[in-house]
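Here is the naming used below: chain letters follow the sequence lines, and residue numbers restart at 1 for every chain.
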Amino acid sequence: MKLKEKRWKKEFEEEIRRMWREKNEYRFDENTKKPVFSIDTPPPYVNAPVHIGQATTYVLMDMFARFRRMIGYEVLFPLGLDRNGLPIEVAAERKFGVKMNEVSRERFVELCKKLLEEYSMKSTETFYIAGISFNSWEIGTRAGDVYLTDMPEYRKLTQETFIDLWNKGLIYEDVRINNYCPGCRTTIADAEIEYDERPTVFNYVKFKVKETGEDIVIATTRPELLCTCKMVVFNPSDERYKHLNGKTAIVPLYNIEVPIRPHPIAKPEMGTGLEMMCSFGDTRDIQFFREMDLQPVIAIDQNGKMNKHAGFLEGLEVLEAREKIVEMLKEKGMIVKQEKMMHRIPICERSKDAIEFIAMPEYYLKQMEFKDKIRAIADKMNFYSPKSKQILLDWIDSIKIDWAISRRRYYATEIPVWYCKKCNHPYVPPKGKYYQPWRERPPIERCPKCGHKEFRGEERVFDTWFDSSITPLFILKYSRDNNFFEKHFPCTLRPQGKEIVRTWLYYTLLKCYLLTNKQAFRDVWINYHILDEKGKKMSKSLGNIIDPQKVMERYGAEPFRFWAAIEGNLEKTDFKCSFNRIEGASKFLTKYWNIARFVSLFDPIKKPKHLTELDKWVIKELNMLIKYTRERYERYDFHGPAVKIKHFLWEVFASHYIEMVKNRAYNQDNKFSKEEQESAIYALHEVLEKVTRMLAPIIPFITYRIYKDIYGKNVHKMQFPSIDKFAIKEELSISSNDIIALNSAIWKVKKDAGMSLKSKVRLLTLPVKFKPIEKDIIFTHNIEKIEYKEGISVKLEQ
RNA sequence: GGGCCGGUAGUCUAGUGGUUAUGACGCUGCCCUUACGAGGCAGAGGUCCCCGGUUCGAAUCCGGGCCGGCCCACCA
């Protein structure tokens with residue numbers, strides 16, 4: 001059938017995407033006989049609209065999925081939504097004007113749920129518009145259904161993994177110095193820390209030396225921690241302070257006596273070269289206290305306020321305490337000078353509050369002893385691109401303590417433990433149910449240890465990565481359907497951003513290894529970032545966020561998708577979001593549509609016995625393109641093929657092949673034999689049909705429509721084109737470069753002479769290798785006489 | 001300080017050890033060529049960051065430098 005419309009319009013997309021959804025076109029068949037290709041998609045957080053980076057990476061993942069279907073896989077490609085944790089709590093606090101700790105837990109959880117209901121599936125709209133072929137758009141628990149990280153089945157699995165790990169003896173509780181975010185009121189992991197430059201004041205404070213009575217000056221940004229000072233150090237090479245070695249410093253205001261020692265941690269050029277070591281101002285202090293085996297004094301409590309150790313500062317917040325103590329020191333003339341400086345401090349990546357170092361009892365999952373195992377697992381997986389593996393290895397190297405998995409929040413998966421009120425014995429229930437210990441009784445009557453009947457339910461919840469790290473287990477029905485899981489684990493592909501390698505990827509590998517002894521994935525695809533048009537990171541504060549829905553409203557999904565493929569290689573680099581270039585992509589769609597429209601003027605026909613030389617050439621080019629494309633697609637590279645397909649279609653097929661073959665395909669004056677004509681028509685369709693199949697994973701709407709209209713079939717149900725070995729081996733006297741050079745030369749001469757392209761050429765001389773396509777040359781360029789010599793020359797009619 | 005990536009026309013970008021370096025946007029000119037005027041064709045525009053090396057030959061490979069970006073570590 002012929003294509004009617006003069007151009008592809010974005011409005012054509014809607015009907016196709018609705019049909020896919022209504023027909024459940026991409027549903028996952030659990031009983032399939034095909035090999036399964038499973039994609040562990042990153043669940044986006046629901047409280048914000050999908051941003052352009054997510055949209056781009058999902059579009060790329062969709063290309064992976066669509067391609068795999070075309071080479072015979074049953075593809076597990078579910079959509080998950082992350083709904084646990086801090087972002088929703090913060091949003092609820094803001095929206096309902098409450099503070100988590102000031103309302104009942106019941107009430108707070110209710111408010112979070114209310115808000116989540118409002119968000120519901122709104123954020124998935126963008127994916128739907130973009131034509132992502134998720135298995136399903138309905139929330140459910142079958143393989144391929146949309147899943148939520150806070151649905152009971154999911155939380156149950158999160159708890160089951162805890163129960164298994166507990167029973168394996170891999171989880172323990174300990175009181176340790178840990179990163180504590182006063183804003184979020186919870187311990188956080190190293191992976192959740194970021195750094196920020198903040199202004200601070202460097203205070204030069206006078207200490208007294210007990211033995212000699214002399215004043216020494218120590219510079220500090222944390223004067224409120226004076227009470228926690230345990231030692232004063234100078235660099236061993238620092239001649240100025242050698243005489244202080246072994247003497248005692250007296251901490252001002254508190255009159256605590258602390259030893260003065262040389263230690264390389266002190267840099268002579270910083271401040272006065274003397275440093276007070278506190279517990280704890282930063283991670284250096286923690287290392288130092290550990291190394292010197294000093295007893296820390298913790299002066300900051302869980303609310304970020306000074307406690308009794310701080311004496312007269314008790315009850316003040318850290319910053320208030322700092323101001324107050326500086327005032328007091330000033331009054332007593334103990335501050336020699338103050339310098340303003342910018343200071344890089346650790347902050348909470350979520351609330352952006354300054355981290356404090358506080359000792360609290362937390363649950364830990366052992367990881368230190370498995371570092372080598374995880375490294376070995378990393379070696380077993382294929383990384384795309386290979387260099388991304390280094391991000392993971394670097395992170396594994398830098399892990400210093402076990403993973404603190406408990407958090408003091410409300411809207412997250414509860415830690416399933418009860419404690420006997422009498423003997424405090426922890427009770428971990430059996431698997432099989434979603435537990436909420438803070439509101440439920442345990443499933444036993446009496447403490448297994450002492451027989452007491454009263455229990456205290458655990459109130460803490462899991463670190464959000466503790467539940468995010470089981471996505472491949474959940475989607476492959478771990479513990480719900482062992483047959484299915486055993487058959488399909490490890491998961492085939494983990495696609496994700498480079499910024500969560502140390503969290504999502506690492507924790508997933510760790511937990512899956514501890515639970516299954518296996519690598520979680522066969523392939524890992526790491527993508528970089530989408531930047532704004534100027535190359536800046538998009539962020540709310542800069543106000544440079546581009547909404548992918550707006551982009552698609554303006555141009556349609558297809559230009560966006562084609563842009564995502566052709567723009568660059570996200571595996572290797574960041575790339576910029578440019579409207580110009582998305583618009584440029586839509587021009588390709590117009591071109592492609594019109595090529596298809598031209599080819600559709602002729603009915604598809606069977607391969608004739610003999611193909612002309614020119615047709616053999618274009619089919620050989622096509623097959624080389626198929627070979628390249630298929631190899632690259634298998635390695636998750638859609639960029640290289642998109643560039644090459646576009647170039648072939650536009651610069652070779654349309655500009656040269658079609659121009660040269662038009663006359664023969666129409667054959668209006670019967671200048672060509674029927675077989676020659678059929679050879680042309682066959683080749684035109686051969687190229688269009690196969691290129692359409694190659695483009696189907698990238699631009700699924702337009703290819704669907706073209707294929708349906710012309711060939712009457714669903715392109716997405718077709719096999720990916722394979723190579724015609726004979727066509728590719730064909731020995732031909734002319735190459736693409738020859739043909740392009742010849743046509744361009746003739747067109748240029750006519751142009752320069754101000755003549756129409758149809759005007760007559762009196763004499764064309766050209767190399768003999770063009771002889772086999774002589775007839776096509778003559779009728780394309782209206783040649784009167786042809787001669788074979790070295791070089792190309794064109795003589796026009798005078 | 002450690003690691004990774006990049007530097008190609010006014011802007012953005014592809015690319016490969018081998019004639020004349022890809023394309024987009026912008027710019028100039030021409031064209032109702034029966035698939036395409038939201039198009040086609042032609043054209044202008046480049047020390048392919050710098051220096052050195054390997055090579056018959058380097059924008060491409062190697063070393064060094066400069067610049068930019070990102071990640072990690074550290075900063076009293």
Sugar-phosphate, base or nothing in reach of [X], heavy atoms under 4.0 Å:
X: Phe202(A); result: sugar-phosphate
X: Glu499(A); result: nothing
X: Thr221(A); result: sugar-phosphate
X: Ser655(A); result: sugar-phosphate
X: Ile566(A); result: nothing
X: Met270(A); result: base
X: Ala585(A); result: nothing
X: Ala266(A); result: base

Could you tell me how far [M] sits from [N] if I compare only their [atom1] atoms? Round to whole Å.
N: G17(B); M: C5(B); atom1: C1'; value: 23 Å
N: U60(B); M: G7(B); atom1: P; value: 11 Å
N: U16(B); M: U11(B); atom1: P; value: 24 Å
N: G18(B); M: A59(B); atom1: P; value: 11 Å
N: A44(B); M: U28(B); atom1: C1'; value: 7 Å
N: U19(B); M: C48(B); atom1: P; value: 16 Å
N: G40(B); M: A24(B); atom1: P; value: 9 Å
N: C50(B); M: U8(B); atom1: P; value: 10 Å

>> If you go through the side-chain atoms of Lys6(A), does one of them form a donor-acceptor pair with the base of C36(B) closer than 3.5 Å?
In response: no

> Salt bridge check: are Lys4(A) and Asp709(A) linked by an N-O gap of less than 4.0 Å?
Replying inline: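 Answer for the salt bridge query: no.
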
Mind calculating the distance between [atom1] ([X]) and [atom2] ([N]) to the nearest angstrom?
X: Lys646(A); N: C36(B); atom1: NZ; atom2: P; value: 21 Å
X: Ile345(A); N: A73(B); atom1: CD1; atom2: P; value: 15 Å
X: Lys662(A); N: G40(B); atom1: NZ; atom2: P; value: 12 Å
X: Glu583(A); N: G26(B); atom1: CD; atom2: C1'; value: 13 Å
X: Lys10(A); N: A38(B); atom1: NZ; atom2: P; value: 15 Å
X: Phe289(A); N: A76(B); atom1: CZ; atom2: C1'; value: 13 Å
X: Glu224(A); N: A76(B); atom1: CD; atom2: P; value: 13 Å
X: Asn594(A); N: C36(B); atom1: CG; atom2: P; value: 6 Å

>> Pair Tyr507(A), Gln367(A) - check side-chain hydrogen bond (donor to acceptor under 3.5 Å, both in side chains), show working.
In response: CA-CA 10 Å; Tyr507(A) 288 137; Gln367(A) 62 178 354; 5.4 Å; no

From the set [options], return the single nucleotide nearest to any side-chain atom of [X].
X: Gln668(A); options: G3(B), A76(B), U34(B); value: U34(B)
X: Asp282(A); options: A76(B), C41(B), A14(B); value: A76(B)
X: His639(A); options: A14(B), C36(B), A76(B); value: A14(B)
X: Asp394(A); options: C36(B), G3(B), C70(B); value: G3(B)

Partner of [N] by Watson-Crick or G-U wobble geometry, both contacts under 3.5 Å, or none?
N: G17(B); result: none
N: C48(B); result: none
N: G39(B); result: C31(B)
N: C61(B); result: G53(B)
N: C4(B); result: G69(B)

[X] side chain near [N] phosphate (N/O to OP1/OP2, under 4.0 Å):
X: Trp650(A); N: G40(B); answer: yes
X: Lys587(A); N: C25(B); answer: yes
X: Arg597(A); N: C36(B); answer: yes
X: Thr590(A); N: G39(B); answer: no

> Taking atom types as modelled and ignoring hydrogens, do the side chains of His685(A) and Asp603(A) form a donor-acceptor contact shorter than 3.5 angstrom?
Replying inline: no

>> Hydrogens and angles aside, do Tyr204(A) and Glu339(A) bring a side-chain donor and acceptor to less than 3.5 Å of each other?
In response: yes

Taking the six-membered ring for Trp, are the ring centroids of [X] and [Y] within less than 6.0 Å of each other?
X: Phe234(A); Y: His263(A); value: no
X: Phe289(A); Y: Phe280(A); value: yes
X: Trp747(A); Y: His656(A); value: yes
X: Phe701(A); Y: Phe12(A); value: no

> Nearest nucleotide by nearest heavy atom, which residue falls closer to the 5' end of RNA chain B, Phe598(A) or Leu274(A)?
Replying inline: Phe598(A)

> For Pro268(A) and Arg7(A), take the nucleotide of RNA chain B holding the closest heavy atom to each; which residue's nucleotide lies nearer the 5' end?
Replying inline: Arg7(A)

